[in-house]
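Everything on this sheet refers to the single structure shown next.
Both backbone and side-chain heavy atoms feed into the values below; hydrogens, waters and symmetry mates do not.
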Amino acid sequence: MSPTVSVLMPVYNSQRYVALAIESILGQSFQDFELIITDDGSNDTSLSILKRYAEKDQRIRLISRENRGISRTRNEMLWQAKGEFVAVMDADDIALPDRLTRQVMFLRQNPDVVCVGSSYQLIDEEGRLLLICFQLAEDDATIQKQLLAGFGAIHQPTVMFRRVPAIAIGGYNQTMPVCEDLDLWMRLGEVGKLANLPQPLVQYRLHPNSISEKNPSLEMEKAREACERAWKRRGIEGQFEAIGEWRPGSSQASRHRFMLQYGWWAFNSGQRQTAMTYGWRAIKTLPFHLEGWRLLVCAAIKPLPTNQAECFAKDRLDTIAGDRGVAGKQYESKRNFEHTASYPHSVTPEIGIRGKEGKPKESM
């Protein structure tokens, strides 16, 4: 009997994080799934880690072969999937326990929706919490508008989509080395509705070795190309708006801006030590820039926001079809938000990571 969900996890040199990613799937409250993992020619110890898990759990289907690239790897797994729904999972992220339960329920209740993502949390390379909830648009019209402008209005590691329509439109575009996700979401949006759940269902990891961080200029180029094809298919005049830095660049000024951004996110998410860590990183990058010192002092002595945990707990108790509660707000006090107001638009909370058109939740 076929499982309800096929979880697809491509792996390439992910020895540091892949065990946590697998454990987060095996520990889901929804258990009717298969986990298809493809090791895409890793030259670290990833494959030995994967083999240990595959030997322990029959739901894991492990494929290992030479490197063929991310888009082709995702498609090969899609063609092998047996589930009604397909969940995307990256090897360096963590799925929160109710992710599959909530997304299956939502797709069952909304047959016109072909693809659903969610809000997400941000963690760094050490697993430290940076942001308690990065909120994305939830309705189809807004999501489609943002995608067509180049923004990541649906975040790949949070996605669950219907397998049959995805295969019918050809799956991922294998000519795209990056931004294959943006291209697929726009094509799925031409055969059905798109949605995001307000609850964060994934912890998305920011680290220097991620695909998104290694070559941001290539990502912007391919995102623009994907949008141009979508404009042509839909017969519309579009404008690519996802410009500016999506991740820290090579310059000291760029790294400084992002260290400040991560630090203030952490502070407003109640993570004092993490905020201090990023304050020190900002200071080390540009020692004579006052903003780094301001972040460090505030993180060390200023009272933390007190309503983060309360709001988040309430949000997790909301049902999929019920009251959104605090969804759509930011976990950012106005006073601390002012510290990011002078930064380039692409690194303020309204845009944030990889051109995401979203925002952190604010206090109630």
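At least one donor-acceptor pair under 3.5 Å links the side chain of Asp139 to the backbone N or O of Thr142. No donor-acceptor pair under 3.5 Å is formed between the side chain of Arg74 and the backbone N or O of Asn173. Proximity of a side-chain donor or acceptor of Gln203 to a complementary backbone N or O of Leu122 within less than 3.5 Å is not detected. Judged by distance alone, the side chain of Thr158 and the main-chain N or O of Gly117 form no donor-acceptor pair under 3.5 Å. With Asp40 contributing its side chain and Gly69 its backbone, the two residues share a donor-acceptor pair below 3.5 Å. At least one donor-acceptor pair closer than 3.5 Å links the side chain of Asp32 to the backbone N or O of Thr4. Between the side chain of Gln31 and the main chain of Leu26, a donor-acceptor pair closer than 3.5 Å is present. Within the 3.5 Å criterion, the main-chain N or O of Gly152 finds no donor-acceptor partner in the side chain of Gln146. The backbone N or O of Tyr53 lies less than 3.5 Å from no partner atom in the side chain of Asp57, so there is not a single donor-acceptor pair. Checking side-chain atoms of Glu219 against main-chain N and O of Val178 turns up no donor-acceptor pair under 3.5 Å.
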Q) Which is it for Glu84 and Arg108 under the side-chain contact (heavy atoms from CB on, under 4.5 Å) test, yes or no, and what are the steps along the way? A) CA-CA 11 Å; Glu84 178 183 0; Arg108 294 279 195 223; 2.6 Å; yes

Q: Check the pair Leu148, Met186 against side-chain contact (heavy atoms from CB on, under 4.5 Å), reporting the backbone distance first and the verdict last.
A: CA-CA 7 Å; Leu148 288 167; Met186 289 190 288; 3.9 Å; yes

Q | Arg52 vs Ile49, side-chain contact (heavy atoms from CB on, under 4.5 Å): CA-CA, chis, key distance, verdict | A | CA-CA 5 Å; Arg52 289 201 298 270; Ile49 297 171; 3.6 Å; yes

Q: Give the C-alpha distance, both sets of side-chain angles, the deciding distance and a yes or no for salt bridge (Lys or Arg N to Asp or Glu O under 4.0 Å) between Arg224 and Glu228.
A: CA-CA 6 Å; Arg224 184 185 295 273; Glu228 290 172 349; 5.1 Å; no

(Q) Apply side-chain contact (heavy atoms from CB on, under 4.5 Å) to residues Arg234 and Gln144 and explain how you reach the verdict. (A) CA-CA 12 Å; Arg234 301 186 185 201; Gln144 298 258 14; 3.0 Å; yes

Q.
If you apply the rule side chain to side chain donor-acceptor pair (under 3.5 Å), what do you find for Thr45 with Gln15, and how did you get there?
A. CA-CA 6 Å; Thr45 62; Gln15 62 181 12; 2.6 Å; yes

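The structure places OG of Ser29 at 9.0 Å from CZ of Arg102, a figure rounded to the nearest 0.5 Å. With rounding to the nearest 0.5 angstrom, the OG atom of Ser42 is 12.5 Å from the CD atom of Glu66. For the atom pair CG (Leu188) and CG (Asp181), the distance works out to 11.5 Å, reported to the nearest 0.5 Å. Atom CG of Leu286 and atom CE of Met259 lie 11.5 Å apart (nearest 0.5 Å). Considering OG of Ser118 and CG of Leu197, their distance stands at 6.0 Å, rounded to 0.5 Å.
Residues Glu34 and Lys82 approach most closely at OE2-N, 2.8 Å, considering heavy atoms. Taking every heavy atom of both residues into account, Ile63 and Gln80 meet most closely at CD1-OE1, 3.6 Å. Residues Pro198 and Cys133 come closest through the heavy atom pair O-SG, 4.2 Å. Residues Tyr172 and Val88 approach most closely at OH-CG2, 3.7 Å, considering heavy atoms. Listed here is the closest heavy atom pair of Ala153 and Leu147: N-CD2, 3.8 Å. When all heavy atoms of Ala195 and Ile154 are compared, the pair lying nearest together is O-CD1, 4.3 Å.
Looking at residues two or more places apart in sequence or on another chain, you find a ring-ring contact (aromatic ring centres under 6.0 Å, His included) between Tyr278 and Tyr262. Under the side-chain hydrogen bond (donor to acceptor under 3.5 Å, both in side chains) criterion, Ser251 pairs with no residue at all, not counting sequence neighbours. For Arg229, the salt bridge (charged side-chain N to carboxylate O under 4.0 Å, His left out) criterion is met by Asp183, not counting sequence neighbours.
For the 3.5 Å distance criterion, the side chains of Gln273 and Arg128 fail to qualify, holding no donor opposite an acceptor. In this model, a donor atom of one side chain and an acceptor atom of the other lie less than 3.5 Å apart for Gln135 and Ser119. Checked by atom type, the side-chain pair Glu180/Gln156 shows a donor-acceptor distance below 3.5 Å. Inspection of the Ser14 and Ser46 side chains reveals no N or O donor paired with an N or O acceptor under 3.5 Å. A side-chain donor-acceptor contact under 3.5 Å links Asn75 and Gln174.
Counting heavy atoms of neighbouring residues, nucleotides and ligands inside a 6.0 Å radius, atom CG of Leu290 does not exceed 12 of them. Environment of CD in Glu126: crowded, with over 12 heavy atoms of neighbouring residues, nucleotides or ligands closer than 6.0 Å.
Between Leu50 and Ile37, the closest side-chain pair of non-hydrogen atoms falls below 4.5 Å. Contact annotation: the side chain of Phe85 approaches that of Leu107 to within less than 4.5 Å [non-hydrogen atoms, C-beta and beyond]. Residues Val114 and Phe161 are not in side-chain contact: their nearest non-hydrogen atoms beyond the backbone lie 4.5 Å or more apart. Looking only at side-chain heavy atoms (C-beta outward), Arg59 and Leu35 stay at 4.5 Å or farther from each other. Using a 4.5 Å heavy-atom threshold, the side chains of Ile36 and Val7 count as separate. Under the 4.5 Å side-chain criterion, counting only non-hydrogen atoms from C-beta, Ile169 is in contact with Leu184. Contact of the Met77 side chain with the Met9 side chain is not registered, since no non-hydrogen atoms from C-beta on lie closer than 4.5 Å. Side-chain contact between Leu136 and His155 is present, with at least one heavy-atom pair separated by less than 4.5 Å.
Between Glu190 and Arg187, no side-chain nitrogen of the basic residue sits less than 4.0 Å from a carboxylate oxygen of the acidic one, so the salt-bridge criterion is not met. The existence of a salt bridge linking Arg68 and Glu76 is confirmed by a sub-4.0 Å separation between a basic side-chain nitrogen and an acidic carboxylate oxygen.
In summary, of the residues considered (Thr73, Thr38, Asp39), a side-chain hydrogen bond (donor to acceptor under 3.5 Å, both in side chains) with Arg65 occurs for Thr73 alone. A side chain to side chain contact (heavy atoms under 4.5 Å, CB included) with Ile123 is found for one member of Leu130, Asp93, Asp92, Ile94 and no other, namely Ile94.
Aromatic ring pairs are classed by plane angle as parallel below 30°, tilted from 30° to 60° and perpendicular above 60°; the pair Tyr204 and Tyr120 is perpendicular.
Through chains of ILVMFWY side-chain contacts below 4.5 Å, Trp293 is grouped with Met276, Trp280, Ile283, Leu296.
Under the 6.0 Å distance and 45° angle rule, Arg205 counts as a cation-pi partner of Tyr17.
For residues 147-163, no pair satisfies salt bridge (charged side-chain N to carboxylate O under 4.0 Å, His left out), with sequence neighbours left out. Under the salt bridge (charged side-chain N to carboxylate O under 4.0 Å, His left out) criterion, the residue pairs touching residues 110-123 are Asp112-Lys193, with sequence neighbours excluded.
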